[in-house]
Amino acid sequence: MITALDHIAIAVPDFDKAIKRFMEDFGLTFEGTEDVEAAKTTTAFFPIEGTSIELVHPLRGEGPIAGFLDKRGGGIHHICFRSNDIEADMARLQEKGYRFLSESPQPGAHNSRVVFIHPKSCDGVLIELNQPAEDH
């Protein structure tokens, strides 16, 4: 079941500059960075009451975020819902006609399991489902 808004992800062309902006200009707490090899991204998280902001940047200049930045520049990349049973949520949504970008959950940041719903299923919005490590 979907239980919360987990995070809003923002694709950024200049990772260090964006981290500095969220820390210094907006005064948010910086949780650190993590490379997510499976997604070819490096991430930075800023928790904020009940959710977080995730900055995403291409790891080694490659992967889907690199393509996103080349095509659109920086901006909101996706929203992510927290799930306590990602397979059940996938099955329920597939029965309703939703398409996913992968057939099964993949490794995500913080040892979570993630899957993305195709934007064409959600009015052009890329939506991620995320099952935190403590829920699997």
Check: Thr51 side chain, Leu5 main-chain N or O, donor-acceptor pair, under 3.5 Å | yes
Apply side-chain contact (heavy atoms from CB on, under 4.5 Å) to the pair Ser52 and Phe45, showing each step before the final yes or no.
-> CA-CA 7 Å; Ser52 65; Phe45 281 91; 3.6 Å; yes
How far apart are the closest heavy atoms of Arg92 and Ile2, and which atoms are they?
-> NH2-CD1, 4.2 Å
Rounding to 0.5 Å, atoms CG (Leu129) and CG (Asp89) come to a distance of 6.0 Å
What distance separates Phe116 CZ from Ile127 CD1, expressed to the nearest 0.5 Å?
-> 11.0 Å
Check whether Phe26 and Ile48 end up in the same hydrophobic cluster, where Ile, Leu, Val, Met, Phe, Trp and Tyr are linked by side-chain heavy atoms less than 4.5 Å apart.
-> yes
First locate atom CG of Asn84, then atom CD of Glu134, and finally report the distance between them rounded to the nearest 0.5 Å.
-> 11.0 Å
Go through His7 and Asn130 one step at a time and tell me if the side-chain contact (heavy atoms from CB on, under 4.5 Å) criterion holds.
-> CA-CA 10 Å; His7 63 266; Asn130 175 328; 4.2 Å; yes
Are Phe22 and Phe30 close enough that their ring centres sit under 6.0 Å apart?
-> no
Going by distance alone, is a donor N or O of one side chain under 3.5 Å from an acceptor N or O of the other, for His77 and Glu54?
-> no
Do other residues, nucleotides or ligands put more than 12 heavy atoms under 6.0 Å from Arg72 CZ?
-> no
Can Val115 and Ile86 be said to form a side-chain contact (heavy atoms from CB on, under 4.5 Å), step by step?
-> CA-CA 8 Å; Val115 67; Ile86 200 166; 3.8 Å; yes
Compute the centroid of each ring, for His118 and then for Phe100, and state whether the two points are separated by less than 6.0 Å.
-> no
Close side-chain approach of Phe15 to Leu55, heavy-atom, < 4.5 Å | yes
Which pairs pass salt bridge (Lys or Arg N to Asp or Glu O under 4.0 Å) with one or both residues in residues 3-22, sequence neighbours excluded?
-> Asp6-Arg82
Grab the two heavy atoms, one from Ser102 and one from Ser104, that are nearest each other, plus how far apart they are.
-> OG-O, 2.9 Å
hydrophobic_cluster_shared for Val12 and Leu28, side chain cutoff 4.5 Å = yes
Give, for atom NE2 of His78 and atom CD1 of Ile117, the distance between the pair rounded to the nearest 0.5 Å.
-> 11.5 Å
Looking at Gly61 and Ala66, what are the two nearest heavy atoms and their distance?
-> O-CB, 3.7 Å
Heavy atoms, side chains only, cut-off 4.5 Å: are Pro119 and Leu126 in contact?
-> yes
What do you reckon, is CG of Leu101 surrounded by more than 12 foreign heavy atoms closer than 6.0 Å?
-> yes
Across all chains, not counting sequence neighbours, the ring-ring contact (aromatic ring centres under 6.0 Å, His included) partners of Tyr98 are none
Using atom types as modelled and distance alone, determine if a side-chain donor or acceptor of Thr43 lies under 3.5 Å from a backbone N or O of Val56.
-> no
Considering non-hydrogen atoms only, spot the tightest contact between Ser83 and Pro132 and give its length.
-> O-CD, 3.6 Å
His110 and Glu31: CA distance, side-chain angles, deciding distance, side-chain contact (heavy atoms from CB on, under 4.5 Å) verdict | CA-CA 11 Å; His110 311 301; Glu31 194 174 72; 3.8 Å; yes
Report, as yes or no, whether the 6.0 Å neighbourhood of atom CD1 on Ile76 holds more than 12 heavy atoms from other residues, nucleotides or ligands.
-> no
Output for pair (His57 NE2, Ile19 CD1), nearest 0.5 Å, gives 9.5 Å
Rounding to 0.5 Å, atoms CD (Gln94) and CD (Glu87) come to a distance of 10.5 Å
Closest approach of Val114 to Pro107 (non-hydrogen atoms, all atoms of both residues) | CG2-O, 4.2 Å
Could you pull out the closest heavy-atom pair between Ile65 and Ala11, with the gap in Å?
-> CG2-CB, 4.3 Å
Are Phe68 and Ile8 grouped together when hydrophobic residues (ILVMFWY) are joined by side-chain heavy atoms under 4.5 angstrom apart?
-> no
Does a donor on one side chain sit under 3.5 Å from an acceptor on the other, for Asp35 and Thr42?
-> yes
With a 4.5 Å heavy-atom cut-off, do Pro105 and Met90 have their side chains touching?
-> yes
Report yes if the side chains of Lys40 and Pro58 come closer than 4.5 Å at any heavy-atom pair, otherwise no.
-> no
